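Scope of the values below: all heavy atoms of this structure, side chains included, with no hydrogens, waters or symmetry mates. Sequence lines set the chain letters: A, B, ... in the order given, protein chains first and strands last, and positions in each chain run from 1. Note that the structure is predicted; figures quoted are calculated from it, not measured.
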Number of protein chains: 2
Amino acid sequence: MSEGRSPQGETLLFLTDEQLRQGAEAMFFAYRGFTADPDRILDGLSYGRAHHRALHFIHTAPGTTVNNLLTILGVTKQSLNRVLRTLIEDGLVQSQVGRTDKRERHLYLTEAGETLERELSDAQRSRMRAAFRDAGPEAVAGFRRVLEAMMDPELRRQYHKLRGGRG
Amino acid sequence: MSEGRSPQGETLLFLTDEQLRQGAEAMFFAYRGFTADPDRILDGLSYGRAHHRALHFIHTAPGTTVNNLLTILGVTKQSLNRVLRTLIEDGLVQSQVGRTDKRERHLYLTEAGETLERELSDAQRSRMRAAFRDAGPEAVAGFRRVLEAMMDPELRRQYHKLRGGRG
DNA sequence: CATTTTAAGTCAGCCTTGTTGACATTCCAA
DNA sequence: TTGGAATGTCAACAAGGCTGACTTAAAATG
(Lines give C-alpha, C1' and ligand atoms only; values in the text may rest on other atoms or scores of the structure.)
Protein backbone atom coordinates (compact mmCIF):
# COMPACT_ATOMS: atom_id res chain seq x y z
CA MET A 1 0.00 0.00 0.00
CA SER A 2 0.91 3.60 -0.52
CA GLU A 3 4.59 4.04 0.30
CA GLY A 4 4.22 7.76 0.70
CA ARG A 5 7.17 9.29 -0.99
CA SER A 6 5.21 12.47 -1.64
CA PRO A 7 3.38 13.88 1.37
CA GLN A 8 1.69 16.63 -0.61
CA GLY A 9 0.96 15.20 -3.98
CA GLU A 10 -0.03 11.68 -3.08
CA THR A 11 -3.55 10.40 -3.00
CA LEU A 12 -3.44 9.70 0.75
CA LEU A 13 -5.19 6.43 0.07
CA PHE A 14 -4.45 5.31 3.61
CA LEU A 15 -6.74 8.02 4.96
CA THR A 16 -9.92 7.11 3.12
CA ASP A 17 -12.95 6.24 5.23
CA GLU A 18 -12.73 2.69 3.97
CA GLN A 19 -9.10 2.38 5.03
CA LEU A 20 -9.86 3.86 8.41
CA ARG A 21 -12.76 1.48 8.85
CA GLN A 22 -10.45 -1.37 8.03
CA GLY A 23 -8.00 -0.09 10.61
CA ALA A 24 -10.75 0.00 13.22
CA GLU A 25 -11.74 -3.57 12.49
CA ALA A 26 -8.13 -4.64 12.67
CA MET A 27 -7.93 -3.05 16.13
CA PHE A 28 -11.06 -4.89 17.21
CA PHE A 29 -9.98 -8.31 16.01
CA ALA A 30 -6.39 -7.91 17.13
CA TYR A 31 -7.40 -6.84 20.63
CA ARG A 32 -9.39 -10.04 20.91
CA GLY A 33 -6.28 -12.00 20.07
CA PHE A 34 -4.23 -9.84 22.39
CA THR A 35 -6.34 -10.78 25.43
CA ALA A 36 -7.24 -14.33 24.45
CA ASP A 37 -4.26 -16.22 25.87
CA PRO A 38 -4.09 -14.71 29.36
CA ASP A 39 -7.89 -14.88 29.52
CA ARG A 40 -7.70 -18.63 29.02
CA ILE A 41 -5.36 -18.94 31.99
CA LEU A 42 -7.49 -16.66 34.15
CA ASP A 43 -10.59 -18.71 33.39
CA GLY A 44 -9.14 -21.55 35.41
CA LEU A 45 -8.43 -19.33 38.41
CA SER A 46 -11.02 -17.14 40.06
CA TYR A 47 -9.58 -14.04 38.45
CA GLY A 48 -10.44 -11.91 35.46
CA ARG A 49 -8.86 -9.45 33.11
CA ALA A 50 -9.02 -6.74 35.73
CA HIS A 51 -6.75 -8.76 38.00
CA HIS A 52 -4.31 -9.28 35.17
CA ARG A 53 -4.13 -5.56 34.50
CA ALA A 54 -3.48 -4.80 38.16
CA LEU A 55 -0.74 -7.43 38.36
CA HIS A 56 0.79 -6.18 35.15
CA PHE A 57 1.09 -2.57 36.20
CA ILE A 58 2.17 -3.32 39.75
CA HIS A 59 4.93 -5.41 38.22
CA THR A 60 5.85 -2.60 35.85
CA ALA A 61 5.76 0.07 38.53
CA PRO A 62 6.53 -1.62 41.84
CA GLY A 63 5.76 0.55 44.84
CA THR A 64 3.12 2.49 42.96
CA THR A 65 0.41 4.05 45.09
CA VAL A 66 -3.24 3.16 44.78
CA ASN A 67 -4.03 6.58 43.38
CA ASN A 68 -1.36 6.25 40.73
CA LEU A 69 -2.66 2.86 39.70
CA LEU A 70 -6.17 4.29 39.44
CA THR A 71 -4.96 6.87 36.96
CA ILE A 72 -3.14 4.31 34.87
CA LEU A 73 -6.02 1.85 34.77
CA GLY A 74 -8.69 4.50 34.35
CA VAL A 75 -11.18 2.98 36.78
CA THR A 76 -12.74 4.14 40.04
CA LYS A 77 -11.15 3.29 43.33
CA GLN A 78 -14.16 1.12 44.20
CA SER A 79 -13.59 -0.99 41.12
CA LEU A 80 -9.88 -1.27 41.72
CA ASN A 81 -10.36 -1.94 45.40
CA ARG A 82 -12.50 -4.97 44.75
CA VAL A 83 -9.76 -6.46 42.61
CA LEU A 84 -6.92 -5.38 44.86
CA ARG A 85 -8.56 -6.75 47.99
CA THR A 86 -8.74 -10.27 46.62
CA LEU A 87 -5.18 -10.08 45.33
CA ILE A 88 -3.95 -8.99 48.77
CA GLU A 89 -6.07 -11.60 50.57
CA ASP A 90 -4.68 -14.27 48.26
CA GLY A 91 -1.14 -13.17 48.96
CA LEU A 92 -0.29 -12.03 45.44
CA VAL A 93 0.03 -8.36 46.25
CA GLN A 94 1.49 -6.65 49.28
CA SER A 95 0.32 -3.25 50.48
CA GLN A 96 2.82 -1.16 52.40
CA VAL A 97 2.09 2.02 54.32
CA GLY A 98 4.13 4.90 52.94
CA ARG A 99 7.15 6.03 54.94
CA THR A 100 7.08 9.71 54.18
CA ASP A 101 3.32 9.96 53.69
CA LYS A 102 1.55 7.42 55.83
CA ARG A 103 -1.76 7.91 54.05
CA GLU A 104 -0.40 6.28 50.94
CA ARG A 105 -0.20 2.54 50.33
CA HIS A 106 2.59 1.29 48.13
CA LEU A 107 1.85 -1.85 46.16
CA TYR A 108 4.25 -4.69 45.44
CA LEU A 109 3.90 -8.17 44.00
CA THR A 110 4.80 -11.00 46.32
CA GLU A 111 6.75 -13.92 44.93
CA ALA A 112 3.48 -15.71 44.16
CA GLY A 113 2.24 -12.55 42.49
CA GLU A 114 5.34 -12.33 40.34
CA THR A 115 4.89 -15.95 39.36
CA LEU A 116 1.32 -15.48 38.18
CA GLU A 117 2.17 -12.19 36.50
CA ARG A 118 4.94 -13.92 34.60
CA GLU A 119 2.69 -16.76 33.55
CA LEU A 120 0.08 -14.36 32.21
CA SER A 121 2.57 -12.06 30.55
CA ASP A 122 4.43 -14.95 28.99
CA ALA A 123 1.22 -16.15 27.40
CA GLN A 124 0.48 -12.68 26.08
CA ARG A 125 4.02 -12.03 24.94
CA SER A 126 4.40 -15.27 23.06
CA ARG A 127 1.65 -14.23 20.68
CA MET A 128 3.09 -10.74 20.38
CA ARG A 129 6.53 -12.10 19.79
CA ALA A 130 5.26 -14.21 16.91
CA ALA A 131 3.34 -11.27 15.48
CA PHE A 132 6.33 -8.93 15.79
CA ARG A 133 8.63 -11.49 14.22
CA ASP A 134 6.25 -12.13 11.33
CA ALA A 135 5.75 -8.44 10.70
CA GLY A 136 9.37 -7.38 11.05
CA PRO A 137 11.09 -4.52 12.89
CA GLU A 138 9.94 -1.74 10.60
CA ALA A 139 6.33 -2.80 10.86
CA VAL A 140 6.70 -2.96 14.64
CA ALA A 141 8.07 0.57 14.70
CA GLY A 142 5.08 1.73 12.67
CA PHE A 143 2.71 -0.23 14.89
CA ARG A 144 4.00 1.56 17.94
CA ARG A 145 3.98 4.94 16.28
CA VAL A 146 0.32 4.62 15.31
CA LEU A 147 -0.76 3.26 18.69
CA GLU A 148 0.98 6.08 20.45
CA ALA A 149 -0.68 8.64 18.24
CA MET A 150 -4.02 7.06 19.04
CA MET A 151 -3.76 7.54 22.81
CA ASP A 152 -5.36 10.32 24.77
CA PRO A 153 -2.63 12.85 25.61
CA GLU A 154 -2.94 12.12 29.33
CA LEU A 155 -2.59 8.39 28.72
CA ARG A 156 0.34 8.97 26.41
CA ARG A 157 2.00 10.83 29.23
CA GLN A 158 1.35 7.90 31.56
CA TYR A 159 2.70 5.52 28.93
CA HIS A 160 5.95 7.44 28.60
CA LYS A 161 6.28 7.77 32.33
CA LEU A 162 6.02 4.01 32.74
CA ARG A 163 8.66 3.37 30.15
CA GLY A 164 10.91 6.15 31.32
CA GLY A 165 14.47 4.90 31.62
CA ARG A 166 13.54 1.45 30.41
CA GLY A 167 12.12 1.98 26.91
CA MET B 1 8.39 -11.78 6.69
CA SER B 2 11.11 -9.87 8.43
CA GLU B 3 11.93 -6.76 6.49
CA GLY B 4 15.17 -6.57 8.41
CA ARG B 5 18.40 -5.81 6.70
CA SER B 6 20.09 -8.56 8.70
CA PRO B 7 17.65 -11.23 9.82
CA GLN B 8 20.36 -13.33 11.40
CA GLY B 9 22.92 -10.96 12.71
CA GLU B 10 20.80 -8.19 14.13
CA THR B 11 20.12 -7.84 17.80
CA LEU B 12 16.34 -8.22 17.42
CA LEU B 13 15.93 -5.56 20.04
CA PHE B 14 12.26 -5.31 19.16
CA LEU B 15 11.69 -8.83 20.45
CA THR B 16 13.04 -8.43 23.98
CA ASP B 17 10.59 -9.03 26.82
CA GLU B 18 10.82 -5.37 27.70
CA GLN B 19 9.93 -4.30 24.16
CA LEU B 20 7.05 -6.76 24.05
CA ARG B 21 5.80 -5.49 27.38
CA GLN B 22 5.92 -1.98 26.00
CA GLY B 23 3.95 -3.14 22.98
CA ALA B 24 1.30 -4.66 25.24
CA GLU B 25 0.96 -1.44 27.19
CA ALA B 26 0.69 0.51 23.97
CA MET B 27 -2.15 -1.77 22.92
CA PHE B 28 -3.89 -1.22 26.24
CA PHE B 29 -3.64 2.56 26.23
CA ALA B 30 -4.38 2.91 22.53
CA TYR B 31 -7.48 0.75 22.76
CA ARG B 32 -8.78 3.07 25.45
CA GLY B 33 -8.35 5.97 23.07
CA PHE B 34 -9.83 3.96 20.25
CA THR B 35 -13.13 3.47 22.08
CA ALA B 36 -13.25 6.75 23.99
CA ASP B 37 -14.95 8.96 21.42
CA PRO B 38 -17.86 6.71 20.41
CA ASP B 39 -18.31 5.77 24.08
CA ARG B 40 -18.86 9.41 24.91
CA ILE B 41 -21.65 9.61 22.35
CA LEU B 42 -23.21 6.37 23.51
CA ASP B 43 -23.25 7.61 27.09
CA GLY B 44 -25.89 10.13 26.14
CA LEU B 45 -28.11 7.53 24.49
CA SER B 46 -29.22 4.35 26.21
CA TYR B 47 -26.70 2.28 24.27
CA GLY B 48 -23.30 0.78 24.98
CA ARG B 49 -20.26 -0.41 23.14
CA ALA B 50 -22.01 -3.65 22.24
CA HIS B 51 -24.62 -1.70 20.28
CA HIS B 52 -21.91 0.18 18.45
CA ARG B 53 -20.22 -3.05 17.44
CA ALA B 54 -23.46 -4.51 16.12
CA LEU B 55 -24.23 -1.36 14.14
CA HIS B 56 -20.71 -1.26 12.77
CA PHE B 57 -20.68 -4.80 11.44
CA ILE B 58 -24.22 -4.71 10.12
CA HIS B 59 -23.19 -1.61 8.20
CA THR B 60 -20.08 -3.34 6.91
CA ALA B 61 -21.87 -6.54 5.98
CA PRO B 62 -25.49 -5.63 5.25
CA GLY B 63 -27.78 -8.61 5.04
CA THR B 64 -25.58 -10.67 7.35
CA THR B 65 -27.34 -13.39 9.30
CA VAL B 66 -27.49 -13.46 13.07
CA ASN B 67 -25.25 -16.50 13.16
CA ASN B 68 -22.66 -14.82 11.00
CA LEU B 69 -22.71 -11.77 13.23
CA LEU B 70 -22.25 -13.97 16.29
CA THR B 71 -19.07 -15.39 14.81
CA ILE B 72 -17.70 -11.98 13.98
CA LEU B 73 -18.48 -10.48 17.37
CA GLY B 74 -17.50 -13.54 19.35
CA VAL B 75 -20.42 -13.44 21.79
CA THR B 76 -23.29 -15.77 22.54
CA LYS B 77 -26.58 -15.44 20.74
CA GLN B 78 -28.24 -14.48 24.01
CA SER B 79 -25.86 -11.55 24.45
CA LEU B 80 -26.27 -10.42 20.88
CA ASN B 81 -30.01 -10.91 20.98
CA ARG B 82 -30.42 -8.54 23.87
CA VAL B 83 -28.58 -5.85 21.98
CA LEU B 84 -30.24 -6.61 18.67
CA ARG B 85 -33.72 -6.58 20.19
CA THR B 86 -33.37 -3.03 21.43
CA LEU B 87 -31.88 -1.88 18.14
CA ILE B 88 -34.79 -3.42 16.24
CA GLU B 89 -37.38 -2.05 18.68
CA ASP B 90 -35.83 1.38 18.33
CA GLY B 91 -35.99 1.16 14.57
CA LEU B 92 -32.26 1.25 13.93
CA VAL B 93 -31.98 -2.27 12.60
CA GLN B 94 -34.30 -4.21 10.36
CA SER B 95 -34.53 -7.99 10.51
CA GLN B 96 -35.65 -9.72 7.35
CA VAL B 97 -36.64 -13.37 7.09
CA GLY B 98 -34.45 -15.15 4.57
CA ARG B 99 -35.95 -15.86 1.17
CA THR B 100 -34.22 -19.13 0.43
CA ASP B 101 -33.87 -20.21 4.06
CA LYS B 102 -36.67 -18.78 6.11
CA ARG B 103 -34.99 -19.71 9.39
CA GLU B 104 -32.34 -17.12 8.84
CA ARG B 105 -32.75 -13.46 9.61
CA HIS B 106 -30.89 -10.97 7.48
CA LEU B 107 -29.94 -7.78 9.23
CA TYR B 108 -29.92 -4.30 7.72
CA LEU B 109 -29.55 -0.82 9.11
CA THR B 110 -32.51 1.47 8.68
CA GLU B 111 -31.91 5.06 7.72
CA ALA B 112 -31.85 5.99 11.40
CA GLY B 113 -29.43 3.15 12.02
CA GLU B 114 -27.13 4.37 9.27
CA THR B 115 -27.25 7.84 10.76
CA LEU B 116 -26.20 6.72 14.22
CA GLU B 117 -23.60 4.34 12.81
CA ARG B 118 -22.12 7.17 10.84
CA GLU B 119 -22.05 9.45 13.85
CA LEU B 120 -20.23 6.85 15.93
CA SER B 121 -17.85 5.83 13.20
CA ASP B 122 -17.06 9.42 12.35
CA ALA B 123 -16.07 10.04 15.95
CA GLN B 124 -13.87 6.97 15.95
CA ARG B 125 -12.39 7.65 12.56
CA SER B 126 -11.49 11.22 13.26
CA ARG B 127 -9.07 10.11 15.96
CA MET B 128 -7.72 7.37 13.74
CA ARG B 129 -7.32 9.73 10.84
CA ALA B 130 -5.26 12.06 13.00
CA ALA B 131 -3.16 9.18 14.28
CA PHE B 132 -2.61 7.78 10.79
CA ARG B 133 -1.70 11.17 9.44
CA ASP B 134 0.73 11.83 12.28
CA ALA B 135 2.38 8.46 11.92
CA GLY B 136 2.55 8.40 8.13
CA PRO B 137 1.69 5.79 5.52
CA GLU B 138 4.59 3.45 6.21
CA ALA B 139 3.82 3.34 9.90
CA VAL B 140 0.18 2.65 9.07
CA ALA B 141 1.19 -0.26 6.86
CA GLY B 142 3.29 -1.65 9.70
CA PHE B 143 0.48 -1.07 12.16
CA ARG B 144 -1.87 -3.14 10.07
CA ARG B 145 0.68 -5.86 9.45
CA VAL B 146 1.30 -6.33 13.17
CA LEU B 147 -2.38 -6.24 14.09
CA GLU B 148 -3.19 -8.81 11.47
CA ALA B 149 -0.44 -11.09 12.70
CA MET B 150 -1.85 -10.78 16.20
CA MET B 151 -5.31 -12.08 15.32
CA ASP B 152 -6.50 -15.61 15.86
CA PRO B 153 -6.43 -17.40 12.51
CA GLU B 154 -10.21 -17.76 12.50
CA LEU B 155 -10.67 -14.06 13.18
CA ARG B 156 -8.11 -13.20 10.54
CA ARG B 157 -10.20 -15.17 8.10
CA GLN B 158 -13.29 -13.21 9.15
CA TYR B 159 -11.36 -9.97 8.81
CA HIS B 160 -10.30 -10.77 5.26
CA LYS B 161 -13.77 -11.94 4.38
CA LEU B 162 -15.22 -8.62 5.51
CA ARG B 163 -12.77 -6.62 3.46
CA GLY B 164 -12.99 -8.89 0.44
CA GLY B 165 -13.42 -6.80 -2.69
CA ARG B 166 -13.17 -3.56 -0.76
CA GLY B 167 -9.78 -3.62 0.97
C1' DC C 1 -3.94 24.71 66.92
C1' DA C 2 -8.11 24.19 64.12
C1' DT C 3 -9.67 23.32 59.80
C1' DT C 4 -9.56 21.58 55.35
C1' DT C 5 -7.89 18.52 52.02
C1' DT C 6 -6.10 14.25 50.51
C1' DA C 7 -5.47 9.02 50.29
C1' DA C 8 -7.44 5.07 51.07
C1' DG C 9 -10.99 1.95 52.23
C1' DT C 10 -15.83 0.40 52.65
C1' DC C 11 -20.85 -0.32 51.95
C1' DA C 12 -24.84 -0.39 49.14
C1' DG C 13 -26.90 -0.40 44.90
C1' DC C 14 -27.12 -0.06 39.97
C1' DC C 15 -25.88 -0.98 34.86
C1' DT C 16 -23.85 -3.30 30.86
C1' DT C 17 -22.42 -7.13 28.88
C1' DG C 18 -20.83 -11.31 29.09
C1' DT C 19 -21.99 -16.40 30.53
C1' DT C 20 -25.08 -21.27 30.97
C1' DG C 21 -28.96 -23.96 30.70
C1' DA C 22 -33.49 -25.05 29.23
C1' DC C 23 -36.92 -24.89 25.97
C1' DA C 24 -40.08 -23.56 21.75
C1' DT C 25 -40.53 -22.70 16.99
C1' DT C 26 -39.63 -23.10 12.33
C1' DC C 27 -37.98 -25.24 8.52
C1' DC C 28 -34.47 -27.72 5.66
C1' DA C 29 -32.88 -32.17 4.34
C1' DA C 30 -32.07 -37.00 4.64
C1' DT D 1 -41.30 -38.32 9.10
C1' DT D 2 -37.73 -37.37 11.76
C1' DG D 3 -33.34 -35.17 12.99
C1' DG D 4 -30.84 -31.28 13.21
C1' DA D 5 -29.96 -26.43 12.34
C1' DA D 6 -31.11 -21.48 12.98
C1' DT D 7 -33.40 -18.52 15.68
C1' DG D 8 -35.60 -16.66 19.61
C1' DT D 9 -36.76 -16.36 24.48
C1' DC D 10 -36.72 -16.97 29.59
C1' DA D 11 -34.21 -17.23 33.82
C1' DA D 12 -30.30 -16.87 36.58
C1' DC D 13 -25.80 -15.51 37.35
C1' DA D 14 -20.93 -13.22 37.27
C1' DA D 15 -17.45 -9.82 36.16
C1' DG D 16 -16.43 -5.46 36.25
C1' DG D 17 -17.67 -1.02 35.39
C1' DC D 18 -20.32 3.06 37.76
C1' DT D 19 -22.32 6.58 41.57
C1' DG D 20 -23.07 8.18 46.16
C1' DA D 21 -22.32 8.34 50.97
C1' DC D 22 -19.40 7.71 54.68
C1' DT D 23 -15.15 6.68 57.73
C1' DT D 24 -10.40 6.88 59.06
C1' DA D 25 -5.96 8.70 59.14
C1' DA D 26 -2.67 11.86 57.96
C1' DA D 27 -1.00 15.79 55.71
C1' DA D 28 -1.34 20.56 54.53
C1' DT D 29 -2.86 25.01 55.37
C1' DG D 30 -4.86 28.95 57.58
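At a threshold of 4.0 Å, the pair B/R40-B/D43 does not count as salt-bridged, since none of the basic side-chain nitrogens sits closer than that to a carboxylate oxygen. In summary, B/R125 and B/D122 engage in a salt bridge, as defined by a charged side-chain N under 4.0 Å from a carboxylate O. A salt bridge does not link A/E148 with A/R145: none of the charged nitrogens is closer than 4.0 Å to a carboxylate oxygen. Using a cut-off of 4.0 Å between Lys/Arg side-chain N and Asp/Glu carboxylate O, B/D152 and A/R127 are scored as salt-bridged.
Residue B/R32 has no polar side-chain atom (N or O) positioned under 4.0 Å from OP1 or OP2 of D/dG17.
In this structure, A/E104 places its CD atom 14 Å from C1' of C/dT5, rounding to the nearest Å. Here the P atom of nucleotide C/dA8 and the CG atom of A/L69 are 10 Å apart, to the nearest Å. Residue A/L45 contributes atom CG, which lies 13 Å from atom P of D/dA15 at whole-angstrom precision. Separating the CG atom of B/L42 from the P atom of C/dC15 is a distance of 18 Å, rounded to the nearest angstrom. Atoms CG (B/N67) and C1' (D/dG8) sit 12 Å apart, rounded to a whole Å. Put simply, CG on B/L80 is 16 Å from P on D/dC10, counting in whole angstrom units. Going from atom CG of A/L70 over to atom C1' of D/dC18 covers 14 Å, rounded to whole Å. If you measure from atom NE2 of A/H52 to atom C1' of D/dG16, you get 16 Å, rounded to the nearest angstrom.
The 5' end of DNA chain D is approached more closely, in terms of each residue's nearest nucleotide, by B/N68 than by the other of A/A50 and B/N68. Checking A/Y47 against B/V66, the closest nucleotide of DNA chain D that is more toward the 5' end is the one next to B/V66.
The aromatic ring centres of A/F143 and A/F132 sit less than 6.0 Å apart. Checked against the 6.0 Å centroid threshold, A/F28 and B/F57 count as a close aromatic pair.
In the displayed structure, B/R118 atom CZ is contacted under 6.0 Å by at most 12 heavy atoms of other residues, nucleotides or ligands.
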Each nucleotide of nucleotides 19-30 of chain D classed B (base within 4.0 Å of a protein heavy atom), S (only sugar-phosphate) or -, in 5' to 3' order, makes BBB----BS---

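Across all strands shown, A/H51 has heavy atoms under 4.0 Å from sugar-phosphate atoms exclusively, and none from any base.
Remark: A/R82 in residues 81-93 of chain A come within less than 4.0 Å of DNA chain D through at least one heavy atom.
Between B/R53 atom CZ and B/L69 atom CG the span is 11.0 Å, to the nearest 0.5 Å.
Cluster annotation: B/Y108 and B/V93 are assigned to distinct hydrophobic clusters (Ile/Leu/Val/Met/Phe/Trp/Tyr, side-chain heavy-atom contacts under 4.5 Å, transitive).
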